[in-house]
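What follows is one structure encoded as structure tokens, with my remarks underneath.
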Amino acid sequence: MIIAVDGPAASGKGTIAKALGRHYRLPVLDTGLLYRAVGLSVLKAGGDPDREEDALAACDFSDALLADPALRSEAVGSLASRVSVHQVVRDALVQRQRDFATQPGGAILDGRDIGTVIAPDADAKIFVTASVHVRAERRYKDALAHGGHPDMDSLVADIQARDTRDMSRDHAPLRVADGADLLDTSDLTIELAVQRAIALVDAQLEGRSPRVTR
């Protein structure tokens with residue numbers, strides 16, 4: 001069984017994917033970490049994330065890098081969005097993601113092009129979203145919790161810029177996949193969002209999926 005969870009930054013898709021993994025007892029891959037690893041590798045090499053050659057060279061990273069706490073920073077998240085624009089980078093990471101998706105027993109993958117490119121035939125697809133302001137507030141609270149001093153205006157601008165890059169790129173743009181259910185988490189607690197995600201997946205697996213839930 002393959003479950004695809006897509007959505008923009010700070011929508012809650014990662015939290016939901018992990019919860020689905022526990023519920024269905026399936027391994028979970030945060031595919032965004034792969035792009036963050038490429039972005040961090042470019043940074044460490046002193047390269048330019050907007051330069052295709054530098055981004056491609058950074059795709060040859062060790063799996064050990066995926067455990068680096070630095071991958072979770074806002075700065076690396078922005079780098080990930082920039083390197084993901086390059087088709088050569090996406091091509092280099094596709095097979096790694098598909099191998100994970102097709103492992104015996106199945107898997108759950110969260111990202112931005114899982115239901116459209118990586119696993120278009122997934123057994124269940126969810127597109128998780130939330131308003132820009134709500135997503136910025138989540139980033140703000142997370143930064144405060146980790147001792148940061150975030151600026152709300154900067155967070156909003158960063159999220160809007162990332163959304164624009166992700167949705168307007170030529171290759172595998174962020175969009176709702178065919179057959180995916182939309183889950184807006186703007187006004188939902190984590191617990192309720194997870195409950196609704198499970199209900200959506202169960203409904204899809206039973207062939208009676210509602211298309212929008214709020």
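Applying the side chain to side chain donor-acceptor pair (under 3.5 Å) rule to Asp50 yields the partners Arg82; only residues at least two apart in sequence or on another chain are considered. In this view, Ala107 and Pro27, Phe100, Gln103, Leu109 satisfy the side-chain contact (heavy atoms from CB on, under 4.5 Å) rule, not counting sequence neighbours. Under the side-chain contact (heavy atoms from CB on, under 4.5 Å) criterion, Thr189 pairs with Glu191, Leu192, not counting sequence neighbours. Among residues two or more places apart in sequence or in another chain, the salt bridge (Lys or Arg N to Asp or Glu O under 4.0 Å) test is passed with Arg96 by Asp63.
For CG of Leu66, the number of neighbouring non-hydrogen atoms (other residues, nucleotides, ligands) closer than 6.0 Å is greater than 12. Heavy-atom contacts from other residues, nucleotides or ligands closer than 6.0 Å to CG of Asp48 number more than 12. Around atom OH of Tyr140, no more than 12 heavy atoms belonging to other residues, nucleotides or ligands sit under 6.0 Å away.
Considering all non-hydrogen atoms of both residues, Thr31 and Tyr35 come closest at O-CD1, 3.5 Å. Residues Val38 and Ala58 share a closest heavy-atom pair of O-CB, 3.5 Å. When all heavy atoms are compared, the tightest approach of Ala70 to Asp68 is N-OD1, 2.9 Å. The shortest heavy-atom contact between Gly115 and Asp6 is N-OD2, 2.8 Å. Scanning all heavy atoms of the two residues, the minimum distance from Ile2 to Ala119 falls at CG2-CB, 4.0 Å. Pairing each heavy atom of Leu144 with each of Pro150, the nearest pair is CD2-CD, 3.8 Å.
Taking CZ of Arg36 as the start and OG of Ser41 as the end, the distance is 13.5 Å to the nearest 0.5 Å. To the nearest 0.5 Å, atoms CD1 (Ile118) and OG1 (Thr102) are separated by 11.0 Å. Rounded to the nearest 0.5 Å, atoms CG (Asp158) and CD (Glu74) are 6.0 Å apart. Rounding to the nearest 0.5 Å places CG of Leu40 at 4.5 Å from NZ of Lys44. Taken from CG in Leu174 to OG1 in Thr164, the straight-line distance is 11.0 Å, to the nearest 0.5 Å. Rounded to the nearest 0.5 angstrom, Ile16 CD1 and Ser11 OG are separated by 7.0 Å.
A side chain to side chain contact (heavy atoms under 4.5 Å, CB included) with Val201 is found for exactly one of Ile126, Ile108, Asp181, namely Ile126.
Between Leu79 and Leu43, some side-chain heavy-atom pair lies under the 4.5 Å cut-off. Under the 4.5 Å side-chain criterion, counting only non-hydrogen atoms from C-beta, Val28 is not in contact with Val5. Annotation: side chain of Ile114 is in contact with side chain of Gln97 (closest heavy-atom distance under 4.5 Å).
Note: the hydrophobic cluster containing Val85 does not contain Leu34 (ILVMFWY, side chain heavy atoms under 4.5 Å, direct or indirect links). When hydrophobic clusters are built by joining Ile, Leu, Val, Met, Phe, Trp and Tyr residues whose side-chain heavy atoms come closer than 4.5 Å, directly or via intermediates, Met167 is not grouped with Ile159. Cluster annotation: Val194 and Val134 are assigned to distinct hydrophobic clusters (Ile/Leu/Val/Met/Phe/Trp/Tyr, side-chain heavy-atom contacts under 4.5 Å, transitive). A continuous path of hydrophobic side-chain contacts links Leu29 to Val117 [ILVMFWY only; heavy atoms under 4.5 Å].
Among pairs with a residue in residues 15-30, those fulfilling side chain to side chain donor-acceptor pair (under 3.5 Å) read Tyr24-Asp202, Asp30-Arg72, at least two apart in sequence or across chains. Among residues at least two apart or in separate chains, side chain to side chain donor-acceptor pair (under 3.5 Å) pairs with a member in residues 107-132 are Arg90-Asp113, Arg112-Asp166.
Here the side chain of Thr185 pairs no donor or acceptor atom with the backbone of Ala130 at under 3.5 angstrom. For the pair Lys13 (side chain) and Pro8 (backbone), a donor-acceptor distance under 3.5 Å is present.
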Checking Gln160 against Val132 for the side-chain contact (heavy atoms from CB on, under 4.5 Å) test, could you report, in this order, the C-alpha distance in whole Å, the side-chain angles of both residues, the deciding distance, and whether it holds? CA-CA 7 Å; Gln160 290 175 325; Val132 170; 3.9 Å; yes
Could you go step by step and tell me if Met152 and Glu137 meet the side-chain contact (heavy atoms from CB on, under 4.5 Å) rule? CA-CA 7 Å; Met152 179 61 77; Glu137 284 187 334; 3.9 Å; yes
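Of the charged side-chain nitrogens involved, at least one lies within less than 4.0 Å of a carboxylate oxygen, so that Asp54 and Arg51 count as a salt-bridged pair.
A side-chain N or O of Arg165 and one of Ser81 form a donor-acceptor pair less than 3.5 Å apart.
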